[in-house]
Novice: 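This is the structure, below, for whatever I ask next.
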Protein chains: 2
Amino acid sequence: MTGYRDSSGRRLDDYPRPSVAVDTAVLTVVDGALAVLLVRAGRSDDEWRLPGSFLHEGETLRGAVLRSLRVKAGVEGLRPRQLHVFDRPGRDDRGWVLSVAHVDVVRADRVPISKGHQLARVDDLPDLKYDHGEIVAFAVDALRTDYRGTPDPAALLEAPFTMRQLRLMHEAVSGERLLPDTFRRAMAPRLRATGEMLVEGRGRPAELFERA
Amino acid sequence: MTGYRDSSGRRLDDYPRPSVAVDTAVLTVVDGALAVLLVRAGRSDDEWRLPGSFLHEGETLRGAVLRSLRVKAGVEGLRPRQLHVFDRPGRDDRGWVLSVAHVDVVRADRVPISKGHQLARVDDLPDLKYDHGEIVAFAVDALRTDYRGTPDPAALLEAPFTMRQLRLMHEAVSGERLLPDTFRRAMAPRLRATGEMLVEGRGRPAELFERA
DNA sequence: CGAATAGTGTCTGTGAGACAATATTTA
DNA sequence: TAAATATTGTCTCACAGACACTATTCG
């Protein structure tokens, strides 16, 4: 590597290099509302941030995300997706740090909450360190876009599920009420009926579906 | 900066850091077709790449994109937009290099073509170095998405313009024929008629529009 | 039975696609 | 006048939203 020179004749390692971090908004649905996993920032009691890590040598961004979730939050991440690189000078008081923001979506029962962690509803977020508030906004936006038109693309529901369960999940993600009949007709073509029924409390039993 | 330690107790500068580059697909429309600016890679005659540069200290990604376009291609870039970070290990034979891919869209008359540069139609692209072929695909996709539903968002046309000029521009970007009447009805609500008319060759004079 | 939930019928408005008709100009 | 282009009329189809109706179960 040291032999290479760029167009201005300088060796690659002559350039100062930034630290590169990954920060991930781990989204989930708890009690019918969209929530994001926060970890305590430093020692202070009221400073929160997203789980993240610096990128290690030879590691992919995806690898760094999965490692940081495992180590910092005890979460087995699934399919992290890149959102945006945050590069504002001075955004990190530790020096020259770029952050590659990611989003990952996991079922709430796979997010262990211990001391120093919390699941915060995205519509009632505390102040976050760095630009992590912006990252959450990017992540929520990306997730809502995915859920518009596709049945539970992040597989927050385990198949099989009823149309009602699916609709409640989409309502939680979108933050809006959805009409049962319109929703059913929009989703049905992308689902396969299992033939099984589910009796749940009062009311007529519901057909069970899986993703087509 | 040197005083800060991370959660494992190591100083920030103890970590090896990657080189961070920006690479930009400069898209334009020439002769009714979408094209991208390529620069010669190294000394060989048939190796092409996108203009790019390493990120300098204290510089934003956007700043690095605009600088690299000015210096490497003589183009005054406009509004670079981030696409994706390419991080495959071994993607760059010079070492550990991440590339933040960008797209920028400029009018063809502002892209000076000299020795070592070419505008290549995106539907007939030569092999590109690194993963720059993938970057072009990302860029074209992003541009086509922007043009679906919005009249010439990148301002490739100078206002005022006729509906025909606008349609031909959208056909060049999308790579598809568009129905004149459907297109007009889709765009008209987002345009303002200037009241002026343009006589151009044969046929009934056309009304001139500007973006609303 | 009444309440609750599941599922279907159907009306209406909107908008895209497509074709046709009209309008205005040059060759 | 014929050809070319601009613009508008209108028909059809698909689909979302909305409301109403039927179906099935539990208390």
Side-chain angles (χ1 to χ4, degrees), chain A residues 29 31-32 144-153 156-212, chain B residues 29 31-32 144-153 156-212:
Chain A
V29 167
D31 298 330
R144 288 186 172 157
T145 300
D146 287 352
Y147 268 69
R148 195 182 338 271
T150 308
D152 189 29
L156 284 167
L157 282 178
E158 210 157 357
F161 42 79
T162 66
M163 200 55 87
R164 176 189 181 76
Q165 291 166 338
L166 182 64
R167 176 168 48 85
L168 292 176
M169 186 57 76
H170 278 246
E171 288 179 350
V173 168
S174 72
E176 293 173 350
R177 294 290 300 274
L178 301 172
L179 295 179
D181 49 359
T182 302
F183 181 78
R184 159 182 287 267
R185 278 186 260 249
M187 293 300 162
R190 318 196 52 174
L191 297 172
R192 188 180 21 248
T194 63
E196 307 287 308
M197 306 292 277
L198 178 64
V199 183
E200 210 186 14
R202 290 175 285 290
R204 172 171 163 179
E207 204 167 4
L208 285 166
F209 296 90
E210 55 195 13
R211 295 171 192 81
Chain B
V29 167
D31 298 331
R144 289 187 172 156
T145 300
D146 287 352
Y147 268 67
R148 196 182 338 267
T150 308
D152 190 27
L156 285 167
L157 282 177
E158 209 155 357
F161 41 79
T162 66
M163 199 57 86
R164 176 190 182 76
Q165 290 166 339
L166 182 64
R167 177 168 48 85
L168 292 176
M169 186 58 75
H170 279 247
E171 288 180 348
V173 169
S174 70
E176 294 173 348
R177 294 292 299 273
L178 301 172
L179 295 179
D181 49 0
T182 302
F183 181 77
R184 158 183 289 267
R185 278 186 259 249
M187 292 300 162
R190 318 197 51 173
L191 297 172
R192 189 178 22 246
T194 62
E196 307 287 307
M197 305 293 276
L198 178 66
V199 181
E200 210 186 16
R202 291 175 285 289
R204 172 171 163 179
E207 203 167 5
L208 285 166
F209 296 89
E210 55 196 13
R211 294 171 192 83

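First the proteins, then the strands, lettered A, B, ... as listed; each starts at 1.
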Novice: Side chains of T194(A) and F161(A): closer than 4.5 Å at any heavy-atom pair?
Specialist: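 Answer no - side chains too far apart.
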
Novice: Rounded to whole Å, please give me the gap between CE in M187(A) and P in dG7(C).
Specialist: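 After rounding, the gap between these two atoms is 15 Å.
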
Novice: According to a strict under-4.0 Å criterion, is R184(A) in side-chain N/O contact with OP1 or OP2 of dT8(C)?
Specialist: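 For R184(A), the contact criterion (side-chain N or O under 4.0 Å from OP1 or OP2 of dT8(C)) is met.
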
Novice: Looking at dT25(D), dA16(C), dA18(D), which one has an atom nearest to any side-chain atom of V199(A)?
Specialist: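 Nearest nucleotide to the side chain: dT25(D).
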
Novice: Using whole Å, report how far CE of M197(A) lies from P of dA23(D).
Specialist: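 One finds 14 Å between P of dA23(D) and CE of M197(A), rounded.
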
Novice: Would you indicate whether the side-chain heavy atoms of R144(A) and V173(A) approach each other to under 4.5 Å?
Specialist: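 They are in side-chain contact.
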
Novice: For nucleotides 3-5 of chain C, list the nitrogen or oxygen atoms of the protein found under 3.5 Å from its nitrogen or oxygen atoms, one pair per line.
Specialist:
from, atom 1, to, atom 2, distance (Å)
dT5(C), O2, R204(A), N, 3.3

Novice: Of all the choices, dT24(D), dA18(D), dG17(C), which nucleotide is nearest to the side chain of P205(A) once you look at every atom?
Specialist: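 Of the options given, the side chain of P205(A) lies nearest dT24(D).
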
Novice: Check for a donor-acceptor pair, side chain of R164(A) on one end and backbone N or O of A206(A) on the other, with a separation under 3.5 Å.
Specialist: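 Checked: no pair found.
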
Novice: Within the 4.5 Å heavy-atom criterion, are Y147(B) and P153(B) side-chain neighbours or not?
Specialist: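 A side-chain contact under 4.5 Å exists here.
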
Novice: Nearest whole angstrom, please: distance from the P of dT25(D) to the CD of E207(A).
Specialist: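 So the two atoms are 13 Å apart, to the nearest Å.
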
Novice: Taking CZ from F183(A) and P from dG7(C), how many angstroms apart are they, rounded to a whole number?
Specialist: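 Distance check: F183(A) CZ to dG7(C) P gives 12 Å.
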
Novice: Check whether any side-chain heavy atom of F183(B) lies under 4.5 Å from a side-chain heavy atom of L166(B), and answer yes or no.
Specialist: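 Yes. Closest side-chain heavy atoms under 4.5 Å.
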
Novice: To the nearest angstrom, how far is L191(A) atom CG from dG7(C) atom P?
Specialist: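 Taking CG of L191(A) and P of dG7(C), I get 12 Å after rounding.
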
Novice: Taking the side chain as every heavy atom from C-beta outward, state whether M169(B) and V29(B) have any atom pair closer than 4.5 Å.
Specialist: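 SC-SC contact between M169(B) and V29(B) confirmed.
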
Novice: Measure from CD on E196(B) to P on dA6(D) and round the result to the nearest Å.
Specialist: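 It works out to 17 Å between those atoms.
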
Novice: Shortest non-hydrogen contact from R167(B) to L178(B)?
Specialist: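 Of all heavy-atom pairs spanning R167(B) and L178(B), the closest is CD-O, 3.7 Å.
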
Novice: Is there a side-chain contact between Q165(B) and E200(B), using heavy atoms and a 4.5 Å cut-off?
Specialist: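 Yes - at least one pair of side-chain heavy atoms lies under 4.5 Å apart.
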
Novice: Can you sort out which residues in residues 165-175 of chain A have a heavy atom within less than 4.0 Å of DNA chain D? Ascending by number, please.
Specialist: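 Close to the strand, none.
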
Novice: Please give, in whole Å, the distance from dA16(D) C1' to L179(A) CG?
Specialist: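 For the pair L179(A) CG and dA16(D) C1', the rounded distance is 10 Å.
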
Novice: Please examine the side chains of E171(A) and R177(A), heavy atoms only from C-beta on, and report whether any two atoms are closer than 4.5 Å.
Specialist: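 In contact.
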
Novice: Do T150(A) and R190(A) make a side-chain contact, defined as non-hydrogen atoms from C-beta onward lying under 4.5 Å apart?
Specialist: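 Side chain of T150(A) against side chain of R190(A), heavy atoms only: contact under 4.5 Å found.
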
Novice: Using nucleotides 10-13 of chain D, report all nitrogen or oxygen pairs with the protein that are shorter than 3.5 Å.
Specialist:
from, atom 1, to, atom 2, distance (Å)
dT10(D), O4, R185(B), NH2, 3.2

Novice: Would you check if the side chain of R211(B) reaches a backbone N or O of D152(B) as a donor-acceptor pair within less than 3.5 Å?
Specialist: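 Yes, R211(B) side chain to D152(B) backbone: donor-acceptor pair under 3.5 Å.
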
Novice: Expressed as a whole number of angstroms, how long is the span from L208(A):CG to dG7(C):C1'?
Specialist: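 My rounded result for the distance is 14 Å.
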
